[in-house]
Amino acid sequence: MNDWELGESEAFEAAVPLSQQAMAARPKAYLQGLNPAQKQAVETLDGPVLMLAGAGTGKTKALTARIAHLLQCGRARPNEILAVTFTNKAAREMKERVAKNLGGTVEGVPWLGTFHSICVKLLRRHAELVGLKNSFTILDTDDQLRLMKQLIQAEKIDEKRYPPRLLAGIIDGWKNRALTPSKVPAGEAGKYNRRGVELYEQYQARLTTLNAVDFGDLLLHMVQIFQAYPDILAQYQRWFKYILVDEYQDTNIAQYLWLRLLASGHKNICCVGDDDQSIYGWRGAEVGNILRFEKDFPGAHVVRLEQNYRSTPHILGAAAGLIDHNGGRLGKTLWTAEKEGEKLRLIGHWDGEEEARWVGEEIEAYQRGTRGLEPVSPNDMAILVRASHQMRAFEDRFMSIGIPYRVIGGPRFYERMEIRDAMAYFRVVVSPDDGMAFDRIVNTPKRGLGDKALQTVAKMARENGVSPFEGARLVVAEKALPARACNSLDGVLQSFDRWRAALHNGADFIRLAETILDESGYMDRWKNDKSIEAEGRVENLKELIKALDSFENLQGFLEHVSLVMENAQTDSEEKVSIMTLHAAKGLEFPCVFLPGWEDGLFPSQRSMDESGIKGEEEERRLAYVGITRAEKYCTISFVANRLLHGRWQNALPSRFIDELPQAHVEVLTPPGLYGGNFGAAAPEIRLETRAGQTDTYSSPGWQRLKRQAGRPAPRPHQIIEDAVPVFDLGERVFHQKFGYGAIVSIDGDKLGVSFEKSDTKNVMAGYVTRAGDVPF
DNA sequence: TGCGGTGAATTTTTT
DNA sequence: ATTCACCGCA
């Protein structure tokens, strides 16, 4: 049996005979516009290559050109190339660019995807080797947590002392390091060890029973298979002639082992990464992987991409000065051909509210074009914060003065409760054995099946060795519950049988999905719900149905969603972006604001407490990532007082501020009576004082701000230009964030609204709608 | 089952 | 501040 053979391949193999000369003669358009280093990275095809690609040095360009080159030179057929990324977004981007490079000249596609999606494909072929059926389901974090909770309850373990979350985290950590239960070192994780390993074993056993894997298993199982079955590994080693890895600094140990196993034959592996941008250590990434590359792969060619095409010299200089404070780096010297540009700006404020107000004004100034600079579109501006709770101050401020913004990241569409519930219904219809899904929705919406009923079902299933669904059938057949509960349960089972029959009879699956949500009463559950979120949830469910459109069938949809938990950002409006520094990796903006540079917040105290100097260095890399997102303008700010968890905290400027080279920084004096006192720890500010500028109001920054202040406040908001309904006093309105409220004052576009779930706030008319006609 | 009160926790996030 | 889980009561 050659079930290890890669399906898509065979037709191609017969169809296209390769001739090296013929291929080599083809035009190589993709080489155009590459600098020498990039060219070298593209053309060094044999053996291990480490492409050290600093921020903004065109690594994706080089990576995709390399794929094109491999194909054009006839080194490999498309499906003999394996290209791995971390995120679906990166994978998609690369696919597009590869397709563009090749311009349809080559048939077939490379194996291009995330570690996880590629592992799913492989594991489906070999599932039986790890005791799974090839129809295994993939649990996401939420499922995983529920399972762990069940397990802990079943074991009668005190949830207070052993929180499921913590245990799930520990197990995840082990999986990230490719440790199966038997390989967990003794003395690991302190007091959780003994019990932890036991629970790990039981957890794995439960997964096997459920015919399910979690994300960590996808890698772990494949590593195990490769290690236990050398013949299988050998087939893949021969198959994947060239391997490319993006963001190598983010790989964890399991991913590293997986790659090394696959590459150990021909060693044609090209890893791209930047040790200075490793910011995911806390979830198992090992910077060590990239630092060790030359040892792991002797004879590796190291190519440094150091020409930066993104930022001005001042921005690069500031970033370089900062990151230089980290030890154990591979070291790169970024340079650019750009003009000098503006210095980074640094400013301190009294508190977070003031900081948000100031940033808001600056955004308006940039948008309008200030200090003789070209106007900047809101789309080209971003606020990057360390922790998501910092976003609030900005959202509140922007909302009340009408700066359009968008928050990137945060809870995702497919992680919302209502979406997960709906999909659990679909999952049970498609695969009746999906116990996790069945448990989730058997009493959702409420059907009078409480704890007692669920436990009876679980017990019945366990004792008869069947899935919860079949267990429920037995419960009904044997009348193991009170009549009411039995009837209710029977109703659920019959519904599922009916839907399943419809599915097998070839009913239109989109219509069926709607029917399921209607007949199950799930849609009504939310339609009848009076809470603020309910309307949004109903809309999300409709959105979910719409999303089905682009799939062939329910199965396809579910498989896709289990790995791609993201929602497409589809709005073209001009908006300022607000996101965390982590979410900003890989992005770039002409104008960047970096607020909240206070010791304890950034670098985060917790990070430093938990991981000491390593933690601080990772925070510093995060700062580096932040600064290097900026193309032209970068503004760093900090406050003296921050409201955290309802408590006012005194804050000192971040130690990172001290590390910014003066030559690239312009210190602004804050606009306010309390100016000049905050930067005591910042050398630049001290320096300015030492230079005798005791009168902070004569500093260049203040002068500039004063000039601006002389003008009438600008109010250019697109949002208002849209048809904004006219409101009356006392009218009931709905606001996306604050919910329902009544209008208590009107001042032009500004409404004072007394919110039911919050206090009275001033918001722009464009942000609310009449209660009742909520647009989504 | 469902409500309201209480107490505790509270970075970063992909798959 | 706010969220979230849990508990006790109707």
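Letters A, B, ... are given to chains in the order of the sequence lines, protein chains preceding strands, and every chain is numbered from 1. Small disclaimer: the values here were computed from a predicted structure and weren't measured.
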Inset, instruction - Using modelled atom types only, decide if a donor and an acceptor are shared between the side chain of A:Asn326 and the backbone of A:Ile323 within a distance under 3.5 Å. - result: no
Legend entry - Under 3.5 Å side-chain donor-acceptor pair for A:Ser607 and A:Glu619: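 Indeed, the side chains of A:Ser607 and A:Glu619 share at least one donor-acceptor pair under 3.5 Å.
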Inset, instruction - Tell me yes or no: between the side chains of A:Asp214 and A:Tyr203, is some donor less than 3.5 Å from an acceptor? - result: yes
Distance check needed: [N] [atom2] versus [X] [atom1], whole Å only.
| X | N | atom1 | atom2 | value |
| --- | --- | --- | --- | --- |
| A:Gln144 | B:dT15 | CD | C1' | 11 Å |
| A:Leu139 | B:dT14 | CG | P | 19 Å |
| A:Lys446 | B:dT1 | NZ | C1' | 8 Å |
| A:Trp648 | C:dA1 | CH2 | P | 11 Å |
| A:Leu454 | B:dT1 | CG | C1' | 13 Å |
| A:Glu353 | C:dA1 | CD | P | 13 Å |
| A:Gln649 | C:dA1 | CD | P | 13 Å |
| A:Ile171 | B:dT15 | CD1 | P | 22 Å |

Legend entry - Phosphate OP1/OP2 of B:dT14 contacted by A:Asn88 side-chain N/O (<4.0 Å):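 For B:dT14, neither OP1 nor OP2 has a side-chain N or O of A:Asn88 closer than 4.0 Å.
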Inset, instruction - May I ask you to evaluate whether A:Asn443 reaches the phosphate of B:dT1, defined as a side-chain N or O under 4.0 Å from OP1 or OP2? - result: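 Result: yes.
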Legend entry - Reference residue A:His126; test ring-ring contact (aromatic ring centres under 6.0 Å, His included); the match among A:Phe136, A:Tyr236, A:Phe226: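 Of all the options given, the one that passes is A:Tyr236.
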Inset, instruction - Identify whether any heavy atom of A:Gly216 sits under 4.0 Å from a base atom; if not, whether one sits that close to sugar-phosphate; answer base, sugar-phosphate or nothing. - result: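 The residue A:Gly216 makes no contact with any strand.
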Legend entry - Base versus backbone protein contacts along nucleotides 5-13 of chain B [heavy-atom cut-off under 4.0 Å; B, S, -]: -----BBBB
Legend entry - Distance flag, aromatic centroids of A:Tyr405 and A:Phe394, threshold under 6.0 Å: no
Inset, instruction - State yes or no: are the ring centers of A:Trp282 and A:Tyr280 separated by less than 6.0 Å? - result: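 Here the rings of A:Tyr280 and A:Trp282 have centres that are less than 6.0 Å from each other.
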Inset, instruction - Find the distance between CG (A:Asn641) and CD (A:Glu354) and round it off to the nearest 0.5 Å. - result: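 It is 11.0 Å, given to the nearest 0.5 Å.
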